[in-house]
Asker: 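After the structure tokens below, expect a handful of questions from me.
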Amino acid sequence: VSRGLGDVYKRQEQILREYMGKIEESGVQAVCLEARPHPDFMGDGWWRDMDILLDEAKARDMKLWILDDSHFPTGFANGAVKECYPQYRKRYLKLHQLDFAGPLKHAEALIKFAFTDKEDRLEGIFLAKKLGYEKIDASTLVDITAGIQGQRSVSFELPEGEWKVMVLVSTYTGGEPHTEDYLNPIVPEATDVLIREVYEPHYQHYREEFGKTILGFFSDEPRFGNIHGAYGSIGRCDMVLPWREDMTDLLAEEIGNCSAQELKQRLPLLFIDGGKKAGQIRYHYMNLVSRLYAEHFSQRIGDWCHERGISYIGHTIEDNNAHARLGYGAGHFFRAMKGQDMAGIDVVLHQLMPGMDHGYNKSMTQKGWDGEFFHYVLGKLGASLGHIEPQMKGRIMCEVFGAYGWAEGNRLMKWITDYMLVRGINEFVPHAFDPKEYPDTDCPPHFYAHGRNPQFREFQTLMVYMNRMSHLLSGGIHRAPVAVGYHGEAEWSGEYMLVQKPCACLARNQIDYDILPPDACLLYTSPSQRDTE
């Protein structure tokens, strides 16, 4: 048995060394190691393979980047949150609604159905006059939590008319099933679990190579994950909301001149249409939660990396306008990249295809792709951030080519490359070289495929071109004649126009532009002006 395992390990080592050679042969001088196919991430097998890859990289003067979890999306912390730190799982705020008609002198409503898990905690029970199916008169909101009887029912007086009883509960359940038991990115101690479980062990093993052969870590598609998909626009769909224990206090402080108790009475407006007041609290909530994500997730990881002489890069999910939303998104594209050393995006799964720049196109996903977004916003989001964030020094990264299928040959890759270069991308992460036995269904095309990809020989020409053009388009100063306002804050508040509408108009008329968030405008005002605003 021992001899048999030794033969297996020897063959695996041969494949890894062969693949490093083929990557170098293709003109690529850096490798981003993705752990998701690995059976022993952070175990003996992982360190054995890391030693092999590091040895090859040093011998070939190549560089390594390390994806920071056992599989995408980042935030699983190799299972440690679920197994050892369940208190740092993603927590949510959810709303349970009941409609009644009055008057009733001694009304009582069953609320036990609002509690679906033993760890659920009541945040408040509120009554408001109903104006429509999910619309209330915000001025009539009253707190009736004092009438609760256990977690079974609540007693109250019901005036004449139609009324809505709203039960708010904080919970660990109800979010996206795919990222269940992931860390809560707005809690610093939760991010520390990821750092402790993944980042620190790599540093302990290879600290001498940090900043030399090992350039840094890569976060892949971290998200709030409170709902599946790209359509988690606050107040516009049924979903739980990202939460933490002291959120009420933080939100009251965010609004100002508002006590925690007064704020709690406004919380149903995060879910229910309450007119202008709903738009106001939704704005403040999204403003807070996106800043908490930036500070306690991406910036926290970036600080750890910078203290050890390495860089931090990656990307969130921007798809179909998720970049300004919850769910797949992190609330605000420009804030989600805080602490990173490159502005990062990715393009996969036929999101960008020649000529398909109008409306939605059916593809690999149930709801299709917004062609206008991917053609006129995606690349420009990354480029705009790279232009305004000093730490990024104009470095704009795109993970590219992944999961297009074997029909994606060098010709389409060249078109995608040019499209991204024109929009300002100057750092590329081609996806992917796959050492698993051919054929592997995991996100082809695979550039070498153990010698079975007939276009691999010409792939080198594309990589040399990509390297040369990226070099020529780096280190300069981009001067766009037009600034387009980022629409995220408007979407949180109420009526809005998607940013791709003006962007598409400009691009089709050969007018260059950068997309700027309101945060960037503060860079050009004095401290007194910022305080006033």
Side-chain angles (χ1 to χ4, degrees), residues 26-32 34 63 65 67 72-74 215-222 298 311-320 322-323 328-330 333-334 336-337 340-354 357 369-371 373-389 392-404 408 410 412-433 443 445 447 459 462-476 478 500 503 507 514-515:
S26 72
V28 176
Q29 288 296 310
V31 179
C32 192
E34 184 165 1
K63 306 299 180 184
W65 296 85
L67 265 78
F72 78 96
T74 293
L215 296 185
F217 287 89
F218 186 115
S219 281
D220 194 19
E221 301 184 356
S298 56
S311 295
Y312 176 46
I313 63 173
H315 66 88
T316 56
I317 292 185
E318 307 84 26
D319 307 354
N320 287 359
H323 57 87
Y328 272 177
F333 175 79
F334 293 87
M337 297 281 109
Q340 297 202 13
D341 294 280
M342 298 181 191
I345 60 170
D346 81 332
V347 56
V348 295
L349 291 165
H350 302 112
Q351 292 170 340
L352 187 65
M353 295 291 287
D357 64 332
W369 297 127
D370 180 351
F373 164 77
F374 289 106
H375 277 74
Y376 301 116
V377 173
L378 179 60
K380 280 296 192 176
L381 275 176
S384 300
L385 175 59
H387 297 155
I388 65 174
E389 178 56 58
M392 294 176 177
K393 301 176 182 177
R395 295 172 295 188
I396 301 113
M397 179 273 296
C398 180
E399 182 184 332
V400 69
F401 307 146
Y404 266 69
E408 181 192 34
N410 290 331
L412 179 55
M413 291 182 190
K414 170 65 162 55
W415 182 88
I416 294 172
T417 299
D418 287 342
Y419 209 97
M420 288 299 177
L421 285 167
V422 167
R423 275 142 189 86
I425 308 301
N426 54 20
E427 300 272 355
F428 289 89
V429 182
H431 189 292
F433 282 86
C443 296
F447 307 133
F459 180 74
L462 176 60
M463 293 298 100
V464 170
Y465 168 78
M466 183 182 282
N467 278 327
R468 183 61 178 164
M469 291 303 298
S470 296
H471 173 73
L472 291 173
L473 295 174
S474 296
H478 180 258
Q500 51 262 44
C503 289
D514 267 343
I515 300 168

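Atom set for the values below is all heavy atoms of this structure, side chains included, hydrogens, waters and symmetry mates excluded.
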Asker: Are His315 and Glu399 side-chain neighbours, meaning at least one heavy-atom pair lies under 4.5 Å?
Answerer: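 They are in contact (side-chain heavy atoms under 4.5 Å apart), so the answer is yes.
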Asker: Does any part of the side chain of Leu215, heavy atoms only, come nearer than 4.5 Å to the side chain of Ser311, both counted from C-beta?
Answerer: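 Not in contact.
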Asker: Would a 4.5 Å heavy-atom cut-off, applied to side chains only, mark Trp65 and Ile313 as touching?
Answerer: yes
Asker: Do Met392 and Met342 come within less than 4.5 Å of each other through their side chains, counting heavy atoms only?
Answerer: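 Counting from C-beta outward, Met392 and Met342 never come under 4.5 Å.
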Asker: Using a 4.5 Å cut-off on heavy atoms from C-beta on, say whether the side chain of Asn467 contacts that of Phe428.
Answerer: no
Asker: Can you tell me if Ser219 and Tyr312 form a side-chain donor-acceptor pair at under 3.5 Å?
Answerer: yes
Asker: Sequence neighbours left out, what pairs pass salt bridge (charged side-chain N to carboxylate O under 4.0 Å, His left out) with at least one residue falling in residues 413-431?
Answerer: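 Salt bridge (charged side-chain N to carboxylate O under 4.0 Å, His left out) check on residues 413-431 returns Lys414-Asp418.
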Asker: Would you check if the side chain of Gln340 reaches a backbone N or O of Gly314 as a donor-acceptor pair within less than 3.5 Å?
Answerer: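 Checking the backbone N and O of Gly314 against the side chain of Gln340, a donor-acceptor pair under 3.5 Å is found.
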Asker: Is it true that Tyr328 and Asp319 share a donor-acceptor pair across their side chains at a distance under 3.5 Å?
Answerer: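 Result is no, nothing qualifies.
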Asker: Taking side-chain contact (heavy atoms from CB on, under 4.5 Å) as the test, write out the residues that go with Val348, two or more places apart.
Answerer: Asp346, Gln351
Asker: Are side-chain heavy atoms of Met420 and Trp415 found at a separation under 4.5 Å?
Answerer: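 No, too far: nothing below the 4.5 Å cut-off.
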Asker: Check for a donor-acceptor pair, side chain of Asn320 on one end and backbone N or O of Asp370 on the other, with a separation under 3.5 Å.
Answerer: yes
Asker: Go through the side-chain N and O atoms of Asn426 and Ser470 and say whether any donor and acceptor fall under 3.5 Å apart.
Answerer: no
Asker: What residues, two or more places apart in sequence or in another chain, satisfy ring-ring contact (aromatic ring centres under 6.0 Å, His included) together with His431?
Answerer: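 So His431 forms no ring-ring contact (aromatic ring centres under 6.0 Å, His included) with any residue.
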Asker: With sequence neighbours excluded, what pairs up with Glu408 under the salt bridge (Lys or Arg N to Asp or Glu O under 4.0 Å) test?
Answerer: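 Salt bridge (Lys or Arg N to Asp or Glu O under 4.0 Å) list for Glu408, sorted by chain: empty.
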Asker: Parallel, tilted or perpendicular for Trp369 and Phe374, by the 30°/60° rule?
Answerer: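 Rings of Trp369 and Phe374: perpendicular, over 60°.
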Asker: Locate the shortest heavy-atom distance separating Phe334 from Ile515; write the atom from each residue and the value.
Answerer: CZ-O, 3.4 Å
Asker: Sorted by first residue and then second, give each salt bridge (charged side-chain N to carboxylate O under 4.0 Å, His left out) pair with at least one member in residues 378-387; sequence neighbours left out.
Answerer: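 The answer is Lys380-Asp512.
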Asker: Do the non-hydrogen side-chain atoms of Leu381 and Phe373 ever get within less than 4.5 Å of each other?
Answerer: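 Leu381 reaches Phe373 side chain to side chain.
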Asker: What residues form a ring-ring contact (aromatic ring centres under 6.0 Å, His included) with Phe333, not counting sequence neighbours?
Answerer: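 So Phe333 forms no ring-ring contact (aromatic ring centres under 6.0 Å, His included) with any residue.
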Asker: Strictly under 6.0 Å, is that where the ring centroids of Tyr419 and His375 end up?
Answerer: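 Yes; His375 has its ring centre under 6.0 Å from that of Tyr419.
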Asker: Please report the shortest heavy-atom distance between Pro354 and Leu412, naming the atom on each side.
Answerer: CD-CD1, 3.9 Å
Asker: Can you check whether Phe433 and Phe447 have ring centres sitting under 6.0 Å from each other?
Answerer: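 Between Phe447 and Phe433, which both carry aromatic rings, the centre distance is below 6.0 Å.
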Asker: Indicate yes or no: at least one non-hydrogen side-chain atom of Glu221 is less than 4.5 angstrom from one of Thr74.
Answerer: no
